[in-house]
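Taking it in order: structure first as structure tokens, then the write-up.
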Amino acid sequence: MNYYLTLKFLHILSATLMFGTGLGTAFYMFVTNRSGNVQAIAVVSRWVVRADWLFTTPAVIFQPISGLLMAYSLGYPLTANWLWISMALYALAGICWLPVVWLQLKMRDMAQNEAQDNSALPAKYWRYERIWTALGFPAFISLIVVYWLMVNKPF
């Protein structure tokens with residue numbers, strides 16, 4: 001494989017890890033929260049945080065680097081509209097994701113504490129959960145549009 005194809009393979013693989021891990025962990029966190037089972041929420045939230053650090057974070061860092069390197073190696077002008085819109089939407093997803101990471105850490109800690117005490121989750125947990133859920137929608141929609149722009153390069 002040449003340089004470009006290797007980079008493209010790694011870019012697609014990291015995009016898959018980023019989106020797949022994000023969607024999978026969001027799904028499990030969301031449905032586990034709906035169960036109201038504090039013990040289950042404690043376990044799932046702990047694994048969601050780990051998955052974000054192990055899979056999502058490295059992919060989030062690698063994506064813009066590999067994407068810009070591919071665009072450069074193919075001679076695409078970095079001023080192309082599809083590229084700038086993609087970067088802006090990626091930044092929007094990141095702006096949503098960073099507070100989600102912080103919220104997940106706080107939610108994990110609350111769930112761990114309440115699971116140990118066999119107590120109900122505090123109202124603050126559920127307030128954080130509503131914000132966490134709301135931030136997921138623009139992030140995921142943004143990334144879907146980024147995927148479309150990367151494939152089609154319409155303008």
Side-chain angles (χ1 to χ4, degrees), residues 1 5-71 82-153:
M1 257 196 286
L5 291 179
T6 301
L7 191 58
K8 184 176 181 179
F9 170 76
L10 293 172
H11 184 76
I12 292 168
L13 181 62
S14 71
T16 303
L17 284 170
M18 180 182 69
F19 193 81
T21 302
L23 185 58
T25 58
F27 172 78
Y28 282 109
M29 184 91 157
F30 184 81
V31 298
T32 305
N33 280 332
R34 296 297 154 292
S35 77
N37 181 325
V38 178
Q39 299 295 326
I41 292 169
V43 170
V44 169
S45 63
R46 185 173 62 244
W47 284 107
V48 164
V49 168
R50 286 183 187 166
D52 257 356
W53 289 117
L54 290 172
F55 303 110
T56 310
T57 300
V60 163
I61 294 166
F62 185 73
Q63 281 291 284
I65 295 166
S66 60
L68 288 171
L69 287 172
M70 284 191 306
W82 64 269
L83 192 53
W84 280 105
I85 293 168
S86 296
M87 288 188 289
L89 289 169
Y90 191 81
L92 173 62
I95 289 167
C96 293
W97 181 66
L98 288 172
V100 160
V101 170
W102 181 85
L103 289 165
Q104 285 175 174
L105 291 168
K106 297 298 183 186
M107 292 164 69
R108 176 204 60 193
D109 293 347
M110 282 186 261
Q112 298 297 317
N113 291 336
E114 301 312 323
Q116 288 174 357
D117 297 341
N118 283 327
S119 301
L121 292 166
K124 186 180 204 178
Y125 180 93
W126 298 109
R127 188 168 49 256
Y128 283 1
E129 195 271 341
R130 284 190 299 277
I131 297 166
W132 177 86
T133 300
L135 287 168
F137 287 104
F140 279 110
I141 291 167
S142 294
L143 290 178
I144 289 169
V145 174
V146 168
Y147 274 113
W148 185 85
L149 288 166
M150 292 294 107
V151 170
N152 292 290
K153 299 170 188 59

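Any value given below was found using the heavy atoms of this structure, including those in side chains, with hydrogens, waters and symmetry copies removed.
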Report summary line: Heavy-atom closest pair (Thr25 atom, Ala51 atom, distance to 0.1 Å) is CG2-CB, 3.7 Å
**Report entry** Nearest atoms (heavy-atom pairs only) where Trp82 meets Ser86
**Finding:** O-OG, 2.7 Å
Report task. Determine whether Asn33 and Met107 make a side-chain contact, defined as any pair of heavy atoms from C-beta on separated by less than 4.5 Å. Result -> yes
Query raised in the report: Does any pair with a residue in residues 114-123 pass side chain to side chain donor-acceptor pair (under 3.5 Å), and if so which ones, sequence neighbours excluded?
Result: Gln39-Asn118
**Report entry** NZ/Lys153: more than 12 non-hydrogen atoms of other groups inside 6.0 Å
**Finding:** yes
Query raised in the report: Does any N or O in the side chain of Tyr125 come within less than 3.5 Å of the main-chain N or O of Ala120, such that one atom is a donor and the other an acceptor?
Result: no
Query raised in the report: Measuring from Met110:CE to Glu129:CD, what's the distance to the nearest 0.5 Å?
Result: 11.0 Å
**Report entry** Side chains of Met29 and Arg108 in contact at under 4.5 Å (non-hydrogen atoms)
**Finding:** no
Query raised in the report: Just by distance, do the side chain of Thr21 and the backbone of Met18 share a donor-acceptor pair under 3.5 Å?
Result: no
Query raised in the report: Taking all atoms of both residues into account, what is the closest heavy-atom pair of Leu135 and Cys96, and its distance?
Result: O-CB, 3.5 Å
Query - Interatomic spacing from OG in Ser35 to CZ in Phe30 - rounded to 0.5 Å - result: 11.5 Å
Query raised in the report: Hey, is CH2 on Trp102 packed in by over 12 heavy atoms from elsewhere, all under 6.0 Å?
Result: yes
Query raised in the report: Does NZ or CZ of Arg50 fall inside the cone over Trp47's six-membered ring, less than 6.0 Å from its centre and within 45° of the axis?
Result: yes
Report task. Would you mind reporting whether His11 and Leu69 have side-chain heavy atoms less than 4.5 Å apart? Result -> no
Report task. Determine whether more than 12 heavy atoms belonging to other residues, nucleotides or ligands lie under 6.0 Å from atom CZ of Phe62. Result -> yes
**Report entry** Close side-chain approach of Gln112 and Ser45, heavy atoms under 4.5 Å
**Finding:** yes
Report summary line: Per ring-ring contact (aromatic ring centres under 6.0 Å, His included), Phe140 is matched among Tyr147, Trp97, Phe19, Phe27 by Phe19
Query - Spatial distance of atom CG (Leu103) from atom CZ (Arg130) [nearest 0.5 Å] - result: 12.0 Å
Query raised in the report: How many angstroms lie between CG in Leu92 and CD1 in Ile141, if you round to the nearest 0.5 Å?
Result: 10.0 Å
Query raised in the report: What pair of heavy atoms forms the shortest contact from Tyr90 to Pro64, and how long is it?
Result: OH-CD, 3.6 Å
Requested in this report: May I ask you to test the Leu89-Leu149 pair for a side-chain heavy-atom distance under 4.5 Å?
Outcome: yes
Report task. Looking only at non-hydrogen atoms, find the nearest pair between Ala93 and Ser142 and report the distance. Result -> CB-CB, 4.3 Å
Query raised in the report: Of all heavy-atom pairs between Asp52 and Gln104, which one has the smallest distance, and what is that distance?
Result: OD2-NE2, 2.7 Å
Requested in this report: Measure the spacing between CE of Met70 and CE of Met150 and express it to the nearest 0.5 Å.
Outcome: 8.0 Å
**Report entry** CD-CD1 distance between Gln63 and Ile61, expressed to the nearest 0.5 angstrom
**Finding:** 11.5 Å
**Report entry** Atom OH of Tyr28: over 12 foreign heavy atoms under 6.0 Å
**Finding:** no
